[in-house]
Amino acid sequence: MVKRIMSGLLVAMFVSGLFQAAAQMPAPSTAPKVLLIVREDIKPGKGADHAKQSNAFVQLLGKAKSPYYRVAAVPISGNENEVTYFWGFDSYATLEKHFQDLEKWASGPFKAEFEKLDRQGADLHAVQRDMIATYRDNLSYRANFNVGEAHYMIVVTVRVRPGHQM
């Protein structure tokens, strides 16, 4: 009899703890519908200079009161001279507005600062590739998570031949 009561109490405490933990967890965020992925290969020995230049770019966007943000990812194994930036957007229209705003800032009030960053960046990058990806729910796994709580992520690139679809 005592065993049943103790077992019942333990189960009740466990279930109660689960509900409390679930109530404290933030609501999951949704994945952006459009993702601009910018991959930069940094010339060997230029990592510290690139970090300074990247920081100056972020500060410049702050001065421009940019509503856009990016997440920078550097590998913990493999090519140490690689940085990948992820910019999330709600739609292609928002992505287009982002490009228009960058052009407006780069040709307007912050022209000299953007040009200086462009000159510095030319000596830092070996290669830069941009890719635009569209969110597909049927191909996604656990898309609803808070990316701000992630410490690491695994990125898998799947290349599909033209004319084929997953």
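All residue numbers in this chain count up from 1 along the given sequence.
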Considering all heavy atoms of both residues, which atom of [X] and which atom of [Y] are nearest to each other, and what is their separation?
| X | Y | result |
| --- | --- | --- |
| His50 | Leu124 | CA-CD1, 3.7 Å |
| Gly88 | Pro32 | CA-CB, 3.7 Å |
| Asp123 | Lys43 | O-CD, 3.3 Å |

Give a yes or no on whether [X] and [Y] share a hydrophobic cluster (residues Ile, Leu, Val, Met, Phe, Trp, Tyr; joining criterion: side-chain heavy atoms under 4.5 Å apart).
| X | Y | value |
| --- | --- | --- |
| Phe89 | Ile132 | yes |
| Val74 | Phe57 | yes |
| Phe86 | Met131 | yes |
| Val38 | Tyr68 | yes |

Quiz prompt | Side chain to side chain, Ile42 and His125, heavy atoms closer than 4.5 Å | solution = yes
Exercise. Nearest 0.5 Å please: distance from the CG atom of Asp101 over to the CD atom of Glu96.
Key: 10.5 Å
Self-check item: Separation of Leu60 CG from Gln53 CD (nearest 0.5 Å)
Solution: 10.5 Å
Please tabulate, for the side chains in residues 102-120, all donor-acceptor contacts under 3.5 angstrom to protein atoms that are two or more places apart in sequence or on a different chain.
from, atom 1, to, atom 2, distance (Å)
Ser107, OG, Glu103, O, 2.8
Glu113, OE1, Lys63, NZ, 2.7
Glu113, OE2, Lys63, NZ, 3.4

Exercise. Begin from the C-alpha positions of Asp41 and Gln128 and carry the test side-chain contact (heavy atoms from CB on, under 4.5 Å) through to its verdict.
Key: CA-CA 6 Å; Asp41 289 341; Gln128 179 176 326; over 6 Å; no
Quiz item: What residues, two or more places apart in sequence or in another chain, satisfy side chain to side chain contact (heavy atoms under 4.5 Å, CB included) together with Phe99?
Solution: Leu36, Leu95
Self-check item: Pairs involving residues 79-95, ordered by first then second residue, that meet side-chain hydrogen bond (donor to acceptor under 3.5 Å, both in side chains) (sequence neighbours left out)
Solution: Arg39-Glu82, Ser54-Tyr85, Ser91-Thr94, Tyr92-Thr134
Practice problem: Return yes if some donor-acceptor pair links the side-chain N/O of His164 with the main-chain N/O of Val160 below 3.5 Å, else return no. | Solution: no
